[in-house]
S.K.: 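Handing you a structure now.
Nothing here was measured: the structure is a model prediction, and the numbers come from that model. This chain uses plain numbering: 1 for the first residue, then up along the sequence.
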Amino acid sequence: MPASLFNLAKKWQFGKIAYHAYFRPKSFLKECERRGISNMAWDAYTRKQMEKQAYNLPTTSSSERILDIYFLTGKKFWDQTCFCAYSFAQHSPFSIRPIIYDDGSLNIHHCQAIKRIFPHAKILLKPELDACIETNLPESKFPYLRERRQNYPNIRKLTDVHVGSRGWKLVLDSDMLFFQTPNFLIDWLNYPQQPCHMVDVETAYGYSEQLMTELAGAAISERLNVGICGLKSEDIDWEQLEYWCKTLIEREQTHYYQEQALIAMLMAGKPCAVAPAKDYIVMPSKEEVIHPKAVLHHYVANSKPWYFRYGWKHILQNTQLKSMEKTA
């Protein structure tokens with residue numbers, strides 16, 4: 001996309017208009033045709049149940065050792081964030097402190113619920129994040145990253161969490177649940193030495209391997225999934241990331257998986273800690289969701305319905321069982 005067209009599209013927010021006027025309705029109709037109205041209605045109901053039950057999750061306890069985990073969330077995902085962090089806490093010998101980055105839609109009720117469940121949680125609201133971005137990623141110098149942040153929320157898991165910061169950070173997607181002690185992640189959190197990620201069901205970057213390799217100057221790992229993403233903030237070269245972002249868009253346009261592509265490029269050629277695929281499952285089957293054997297499920301694509309119908313209920317049942325054991 002030429003720079004002049006990019007600036008025009010940015011000014012008039014053509015991407016958002018096209019998404020809401022054309023792509024979103026088209027996607028909804030395709031989903032209705034594929035899955036059926038009744039199934040989609042049932043999924044919507046069970047999703048609403050999950051949000052309602054998130055308000056009732058018990059308050060977590062605290063220990064001397066606290067592990068920080070990072071989330072980008074908002075009003076559509078705050079309950080998923082809580083269930084993910086709570087399920088981690090259920091299976092961790094250490095306390096879990098969620099560091100929450102607001103996508104701009106969290107309200108006071110969400111914040112109060114999060115703080116009740118996780119008294120040590122830290123919530124960074126959008127005005128504070130915007131100020132940090134303005135200082136460290138000025139639009140005059142980083143126009144492409146700033147446009148992506150405005151119109152492509154996924155990239156905020158990079159920009160908002162890492163810009164102007166230092167140290168290793170483990171960012172988790174909200175649509176995940178833990179069912180056993182995540183020793184791999186606990187070991188990484190205690191002694192982070194290299195970037196970490198999980199394994200996808202297929203390679204999904206949205207950009208050609210040739211272009212990504214050319215820009216990164218190293219081989220790109222296959223099937224890298226950033227549902228789990230550990231990076232060291234000060235190691236990110238933001239000028240390089242701006243150039244990569246600009247070049248990807250100009251040569252192969254924008255893509256939903258651009259954040260995953262950029263992180264795959266950041267990790268290219270570096271030794272990484274990789275979560276074992278058999279224990280940290282991306283897109284678990286219906287049978288696995290009903291009877292979980294893995295450490296973690298990442299509910300993407302076709303596994304979403306099983307997440308809302310069955311997945312989160314295991315965490316609630318676990319909570320109720322532990323409560324009964326305490327009172328027995």
Side-chain angles (χ1 to χ4, degrees), residues 50 53-54 57-71 73 79-100 114 117-122 167-201 225-231 272-285 287-300 303 306-307 310-328:
M50 180 180 180
Q53 290 300 328
L57 285 172
T59 300
T60 55
S61 58
S62 178
S63 64
E64 284 188 20
R65 178 72 172 129
I66 296 176
L67 302 178
D68 289 343
I69 51 177
Y70 294 75
F71 295 93
T73 198
D79 56 323
Q80 297 178 37
T81 301
C82 287
F83 267 97
C84 178
Y86 191 86
S87 66
F88 195 143
Q90 280 186 322
H91 298 285
S92 171
F94 308 107
S95 295
I96 300 302
R97 175 169 56 193
I99 311 296
I100 306 292
I114 292 168
I117 301 166
F118 307 99
H120 294 91
K122 184 177 181 181
W168 290 97
K169 295 177 179 63
L170 183 70
V171 181
L172 300 182
D173 279 359
S174 294
D175 57 349
M176 305 198 299
L177 294 172
F178 293 84
F179 300 97
Q180 296 183 45
T181 302
N183 291 310
F184 167 82
L185 290 183
I186 290 171
D187 289 345
W188 188 92
L189 285 164
N190 279 317
Y191 305 102
Q193 299 294 319
Q194 54 195 17
C196 78
H197 63 84
M198 62 191 307
V199 180
D200 214 330
V201 291
N225 183 281
V226 296
I228 291 172
C229 182
L231 290 170
C272 292
V274 183
K278 66 180 179 63
D279 294 325
Y280 296 77
I281 300 178
V282 176
M283 200 171 74
S285 66
E287 180 181 1
E288 169 63 25
V289 178
I290 294 174
H291 302 290
K293 298 179 177 63
V295 173
L296 172 140
H297 294 166
H298 184 13
Y299 301 97
V300 301
S303 63
W306 320 135
Y307 173 44
Y310 311 110
W312 64 271
K313 294 180 181 177
H314 292 300
I315 311 307
L316 206 60
Q317 289 165 0
N318 227 10
T319 301
Q320 292 167 347
L321 184 61
K322 287 185 177 182
S323 178
M324 289 170 61
E325 288 174 349
K326 284 182 181 179
T327 57

S.K.: In Å and rounded to the nearest 0.5 Å, what is the CG to CG distance from L316 to L57?
M.R.: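 Answer rounded to 0.5 Å: 7.0 Å.
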S.K.: Step by step, work out the side-chain contact (heavy atoms from CB on, under 4.5 Å) result for V274 and H197.
M.R.: CA-CA 5 Å; V274 183; H197 63 84; 3.6 Å; yes
S.K.: Taking all non-hydrogen atoms of both residues into account, name the closest pair between Y280 and P182 and its distance.
M.R.: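 Taking every non-hydrogen atom into account, OH-CA, 3.3 Å.
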S.K.: Rounded to the nearest 0.5 Å, what's the gap from CD1 on I99 to NE2 on H120? Could you check?
M.R.: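 Separation between the atoms: 11.0 Å.
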S.K.: Minimum heavy-atom separation for A121 and I114, please, with both atom names.
M.R.: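 Nearest heavy atoms, A121 then I114: CB-CG2, 4.1 Å.
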S.K.: With no hydrogens and no angle check, is any side-chain donor or acceptor of N318 less than 3.5 Å from a backbone partner on H314?
M.R.: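 No: the side chain of N318 does not pair with the backbone of H314.
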S.K.: One pair to check against side-chain contact (heavy atoms from CB on, under 4.5 Å): Q80 and W312. What are the steps and the verdict?
M.R.: CA-CA 9 Å; Q80 297 178 37; W312 64 271; over 6 Å; no
S.K.: Is a donor on one side and an acceptor on the other found under 3.5 Å between the side chain of D173 and the backbone of D175?
M.R.: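 Checking the backbone N and O of D175 against the side chain of D173, no donor-acceptor pair under 3.5 Å is found.
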S.K.: Main chain of I117, side chain of T60: is a donor-acceptor contact present, judged purely on distance under 3.5 Å?
M.R.: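 Side chain of T60 to backbone of I117: a pair is present.
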S.K.: Just how far is it from atom CG of L185 to atom CD1 of I96, taken to the nearest 0.5 Å?
M.R.: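 So the CG of L185 and the CD1 of I96 are separated by 9.5 Å.
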S.K.: Would you confirm whether S63, through its side chain, and R65, through its main-chain N or O, come within 3.5 Å as a donor-acceptor pair?
M.R.: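 Pair found, side chain donor or acceptor close to backbone of R65.
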S.K.: Taking all non-hydrogen atoms of both residues into account, name the closest pair between G230 and W168 and its distance.
M.R.: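 Closest approach of G230 to W168: O-CZ3, 4.3 Å.
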S.K.: Can a donor-acceptor pair be found, under 3.5 Å and without considering hydrogens, that links the side chain of W188 to the backbone of Q194?
M.R.: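 Present.
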S.K.: Out of curiosity, Q180 CD to S87 OG, how far, rounded to the nearest 0.5 Å?
M.R.: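 Output value for this atom pair is 12.0 Å.
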S.K.: Should L172 and F71 be marked as a side-chain contact (heavy atoms from CB on, under 4.5 Å) after you check the CA-CA gap, both sets of side-chain angles, and the distance that decides it?
M.R.: CA-CA 6 Å; L172 300 182; F71 295 93; 3.7 Å; yes
S.K.: What is the minimum heavy-atom distance between P284 and S303, and which atoms define it?
M.R.: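 So the minimum-distance heavy-atom pair works out to O-CB, 3.4 Å.
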S.K.: State, to 0.1 Å, how close H298 and G227 come at their nearest heavy-atom pair, and which atoms those are.
M.R.: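 Closest heavy-atom pair between H298 and G227: NE2-CA, 3.7 Å.
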S.K.: Hey, what do you get for OH (Y70) to NZ (K122), rounding to the nearest 0.5 Å?
M.R.: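 Going from the OH atom of Y70 to the NZ atom of K122 covers 7.5 Å.
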S.K.: List the steps, then state whether side-chain contact (heavy atoms from CB on, under 4.5 Å) holds for K169 with I69.
M.R.: CA-CA 7 Å; K169 295 177 179 63; I69 51 177; over 6 Å; no
S.K.: Within the distance-only criterion (no hydrogens, no angle test), does the side chain of S92 pair as donor or acceptor with the backbone N or O of F88 below 3.5 angstrom?
M.R.: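 No, because the side chain of S92 does not come within donor-acceptor range (under 3.5 Å) of the backbone of F88.
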S.K.: Closest approach of I100 and T81, non-hydrogen atoms and distance?
M.R.: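 Minimum heavy-atom contact is CD1-CG2, 3.7 Å.
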S.K.: List, one per line, each side-chain donor-acceptor pair under 3.5 Å for residues 289-297, sequence neighbours excluded.
M.R.:
from, atom 1, to, atom 2, distance (Å)
H297, ND1, Y299, OH, 2.8
H297, NE2, E288, OE2, 2.7

S.K.: Given 3.5 Å as the limit, does a donor-acceptor pair link the side chain of S95 with the main chain of I66, or not?
M.R.: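 A pair under 3.5 Å: no.
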S.K.: Would you compute the distance between atom CG of L189 and atom SG of C196 and round it to the nearest 0.5 angstrom?
M.R.: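 One finds 7.5 Å between CG of L189 and SG of C196.
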S.K.: Are side-chain heavy atoms of I228 and L170 found at a separation under 4.5 Å?
M.R.: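 Answer yes - side chains close enough.
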